S.K.: 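Structure in structure tokens, see below.
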Amino acid sequence: YQATEKLSFHARGEYATTDTSGLLAPATADNDGDKVIELTGTIQYDLWKNVLSRLEFRWDHAADGSRPFGGDYAPGTDGSARNAFLVAANLIYKF
């Protein structure tokens, strides 16, 4: 959504499944990996002609009740959380 000439708001959502090693995989009947959803919201402000700033918030959630986030991230092991959150601030120069 373009609020002003320089200010815009963006949103994105994704749904994914993983295989048993934790890699993204197609959803199939025999795939018993984790099922996760992701939502990202972004506020973008164009500071100058080639410079923009972004503030992003991302939420990852285990849609199947598993705990794929946190822990030691070793392939094939469960994490300790059903949710993961990220806040990121970016300054981007376009050339």
Side-chain angles (χ1 to χ4, degrees):
Y1 173 76
Q2 192 75 36
T4 68
E5 183 180 334
K6 293 187 168 203
L7 178 66
S8 59
F9 299 92
H10 307 266
R12 177 180 74 237
E14 300 174 22
Y15 174 78
T17 59
T18 62
D19 62 16
T20 54
S21 68
L23 299 174
L24 291 180
T28 61
D30 59 348
N31 182 357
D32 64 353
D34 298 323
K35 292 166 183 51
V36 295
I37 59 171
E38 175 270 331
L39 298 173
T40 300
T42 303
I43 300 170
Q44 178 174 303
Y45 187 78
D46 299 339
L47 293 172
W48 300 288
K49 181 180 178 182
N50 291 337
V51 179
L52 55 96
S53 60
R54 288 183 181 159
L55 180 64
E56 292 188 331
F57 176 76
R58 176 176 168 152
W59 172 52
D60 295 293
H61 174 71
D64 60 358
S66 63
R67 297 185 176 274
F69 307 110
D72 60 7
Y73 292 104
T77 63
D78 287 338
S80 59
R82 294 173 64 180
N83 296 291
F85 302 96
L86 171 76
V87 176
N90 304 295
L91 279 178
I92 301 164
Y93 179 77
K94 301 184 292 183
F95 55 99

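Keep in mind it's a predicted model, so treat the numbers as computed, not measured. Sequential numbering from 1 along the given sequence is applied to the chain's residues.
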S.K.: Atom CD1 in Ile92, atom CZ in Arg54: separation rounded to 0.5 Å?
M.R.: 4.0 Å

S.K.: Quick check: is Phe85 connected to Leu39 through a chain of hydrophobic side chains (ILVMFWY, heavy atoms under 4.5 Å apart)?
M.R.: yes

S.K.: Considering only residues two or more places apart or on different chains, which pairs with a residue in residues 6-16 satisfy salt bridge (charged side-chain N to carboxylate O under 4.0 Å, His left out)?
M.R.: Arg12-Glu14, Arg12-Glu38

S.K.: For Ile43, which fellow cluster members are found when Ile, Leu, Val, Met, Phe, Trp and Tyr are connected by side-chain heavy-atom distances below 4.5 angstrom, either directly or through intermediates?
M.R.: Tyr1, Leu7, Phe9, Tyr45, Leu47, Trp48, Val51, Leu91, Tyr93, Phe95

S.K.: If every non-hydrogen atom of Ile37 is compared with every non-hydrogen atom of Ala63, which pair is closest and at what distance?
M.R.: CG2-CB, 4.3 Å

S.K.: Name all residues meeting the ring-ring contact (aromatic ring centres under 6.0 Å, His included) criterion together with His61; count only those two or more places apart in sequence or in a different chain, and write none if there are none.
M.R.: Trp59

S.K.: More than 12 non-hydrogen atoms from neighbouring residues, nucleotides or ligands closer than 6.0 Å to CD on Glu5, yes or no?
M.R.: no

S.K.: Quick one: OG1 on Thr42 to CD on Glu56, what's the gap to the nearest 0.5 Å?
M.R.: 3.5 Å

S.K.: Working to the nearest 0.5 Å, report the span between CG of Asp60 and OG1 of Thr40.
M.R.: 7.5 Å

